[in-house]
Protein chains: 2
Amino acid sequence: MASEAAKETANPGSVRPGGRTARVRSAVLRAAGDALAEHGLAGLDLADVARRAEVGRTTVYRRWGNPVALVADLLVEMAEQSLPRTETGTLAGDLRANARLVRRTLADPRQGPLFKAVIAAATCDSRAAAALHRFYETRVDEWAPCARQAVERGELPPGTDAREVIRAVSAPLYYRLLTTAEPLDEAAADRAADAAAAAARAGAFVTTAE
Amino acid sequence: MASEAAKETANPGSVRPGGRTARVRSAVLRAAGDALAEHGLAGLDLADVARRAEVGRTTVYRRWGNPVALVADLLVEMAEQSLPRTETGTLAGDLRANARLVRRTLADPRQGPLFKAVIAAATCDSRAAAALHRFYETRVDEWAPCARQAVERGELPPGTDAREVIRAVSAPLYYRLLTTAEPLDEAAADRAADAAAAAARAGAFVTTAE
DNA sequence: GCCATAACGGTACTCCGGTTCCATTAGTTG
DNA sequence: CAACTAATGGAACCGGAGTACCGTTATGGC
């Protein structure tokens, strides 16, 4: 009896997710990414996004409603498409590869501003924050195995928290991106990787018992 | 001849910076801090700030104009008041003290959200970004001596970049704050300090020649 | 291929964030 | 302490962001 009363008005796009709806979504998300990269989160105007996506203004307001909700959806999309990791055989090599990949992303003229905007959105809205956390969770999980293998190889002490090692590589790069005016060059990436490797070897990421 | 043509309309508050003007500024900045801590950057409404500060709506719009400009000014204020650092006599001790101070700040129910908001603002506006960079520059400079002393003591290799060591302590804490849902506990702070110390001892922050 | 309806998109409207105007208050200067 | 004017703040105003309405399109089930 509750069949039509229960769902009320489930978000548009959830009942007929194929065809046009999917096309609209991807066009809007792409446009939103462009707009974010250009003007940042504060300059994100839904009407402008609709224009760029060649989609009705009404549609964007109905399906997303506000800028941060749109960013949250963009993050879900971004989390889905992860790029493969490279394996070099040594911890130092793997971490450098990771650091350089992160650096290249953050220094990219489109991706860099986009990541900044997405982080800003996460600080404003808990749904966006959850989406961002998920995004980084998948990214870290993708690379954690290289630290785990280093433990097996004997390069790192047993009990080392593999995910924490990977996070230690990214952290200085994000910190530099957000809090300094200095450029994110390859030297900074290598330094971040080397520092993480050194700290890991010294046992800084060994989880004590628990 | 250019005496009155040159300045045009210098921002209100710059000609008579004393008395009431200063009082209004500090009331507005305090109110802005409260509002940011509560609703985040996206929820920052200038009219609301004016109400909290018991100041005319017009005044806030005239002197700051938009949310990010207000945040930028707030950052200038925050940069001025730096808290003194404690000295323990060893690198490990000093870095732990620093890490715990940073952690306490970021975990604070008012300061934490405020810092998030301020970082978000910096990603939206270059003036806010410049103010944020200045803020961290002064904070890092405040603590860099402890790494410099460690070099003199022989705890760290010569040529170590002291400021980079301090940044390495904060980086994982900010990274965790922004990209994960995990809490910022004291263990995380100590781990950050230990990792930075280990990396520094291993020479990860030695600036090669130049 | 046909029907029911989810989802889109144009138009008209509303409401409030932001501005303008001007009278009032209070620093600052001589 | 008097005159000058920067700065404030109330009130009226304006424009555009966001909403409501409804006809049109095309998806998904049969």
Side-chain angles (χ1 to χ4, degrees), chain A residues 3-32 35-36 39-73 121 124-125, chain B residues 3-32 35-36 39-73 121 124-125:
Chain A
S3 69
E4 81 267 14
K7 272 290 181 81
E8 285 200 324
T9 316
N11 329 3
S14 58
V15 178
R16 274 183 194 173
R20 180 168 61 163
T21 299
R23 229 154 39 232
V24 165
R25 185 175 110 107
S26 89
V28 168
L29 293 186
R30 183 189 336 282
L36 281 178
H39 308 303
L41 179 67
L44 188 65
D45 175 24
L46 296 201
D48 176 52
V49 170
R51 214 174 305 123
R52 288 169 185 255
E54 297 183 319
V55 152
R57 207 163 58 93
T58 314
T59 302
V60 177
Y61 281 112
R62 181 170 35 223
R63 282 188 59 181
W64 291 280
N66 59 65
V68 289
L70 179 54
V71 173
D73 198 25
C124 297
D125 177 79
Chain B
S3 69
E4 80 269 15
K7 272 290 183 79
E8 285 198 323
T9 317
N11 326 4
S14 58
V15 179
R16 272 186 197 174
R20 180 166 61 164
T21 298
R23 228 152 42 230
V24 165
R25 186 176 110 108
S26 91
V28 168
L29 293 186
R30 182 188 340 280
L36 280 178
H39 308 302
L41 180 67
L44 188 65
D45 176 24
L46 297 201
D48 176 51
V49 170
R51 212 173 306 122
R52 289 169 185 254
E54 298 184 319
V55 151
R57 206 162 60 93
T58 314
T59 301
V60 177
Y61 282 112
R62 182 171 33 222
R63 283 187 57 181
W64 292 279
N66 60 64
V68 289
L70 179 55
V71 173
D73 197 24
C124 296
D125 176 79

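Lettering follows sequence order; numbering is per chain, from 1.
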Legend entry - Listed nucleotide nearest any side-chain atom of A:Y61, set D:dA11, D:dT19, C:dA26: D:dT19

Inset, instruction - Give the C-alpha distance, both sets of side-chain angles, the deciding distance and a yes or no for side chain to side chain contact (heavy atoms under 4.5 Å, CB included) between A:R30 and A:R52. - result: CA-CA 9 Å; A:R30 183 189 336 282; A:R52 288 169 185 255; over 6 Å; no

Legend entry - Selection from C:dG27, C:dA12, C:dG9 that lies nearest to any side-chain heavy atom of A:R57: C:dA12

Legend entry - B:T21 side chain near D:dA7 phosphate (N/O to OP1/OP2, under 4.0 Å): no

Inset, instruction - Specify the separation, in whole Å, of atom CD of B:E54 and atom C1' of D:dG10. - result: 16 Å

Inset, instruction - Looking only at non-hydrogen atoms, find the nearest pair between B:L29 and B:L70 and report the distance. - result: CD2-CD1, 3.9 Å

Legend entry - Separation of atom CG in B:L70 from atom C1' in C:dG17, rounded to whole Å: 15 Å

Legend entry - Among C:dG9, D:dT8, D:dA17, the one nearest A:D45 by side-chain distance: D:dA17

Legend entry - Nearest-nucleotide pick for A:R63, side chain only, options being D:dG18, C:dG9, C:dA7: C:dA7

Legend entry - Whole-Å distance separating the CG atom of B:L46 from the P atom of D:dT8: 15 Å

Legend entry - Of the listed nucleotides D:dG9, D:dA17, D:dA7, the one nearest the side chain of B:R20: D:dA7

Legend entry - OP1 or OP2 of C:dC8 under 4.0 Å from side-chain N/O of A:T58: no

Legend entry - Residue whose nearest DNA chain D nucleotide is more 5′ - A:R62 or A:A47: A:A47

Legend entry - Phosphate-side-chain proximity, A:R23 and D:dT27, N/O vs OP1/OP2 below 4.0 Å: yes

Inset, instruction - Note the angle between the end axes of the helix from C:dG1-D:dC30 to C:dG30-D:dC1, five pairs defining each, rounded to 10 degrees. - result: 60°

Inset, instruction - Specify the separation, in whole Å, of atom CH2 of B:W64 and atom C1' of D:dG9. - result: 14 Å

Inset, instruction - Give the rounded distance in Å between these two atoms: CG of B:N66 and P of C:dG18. - result: 9 Å

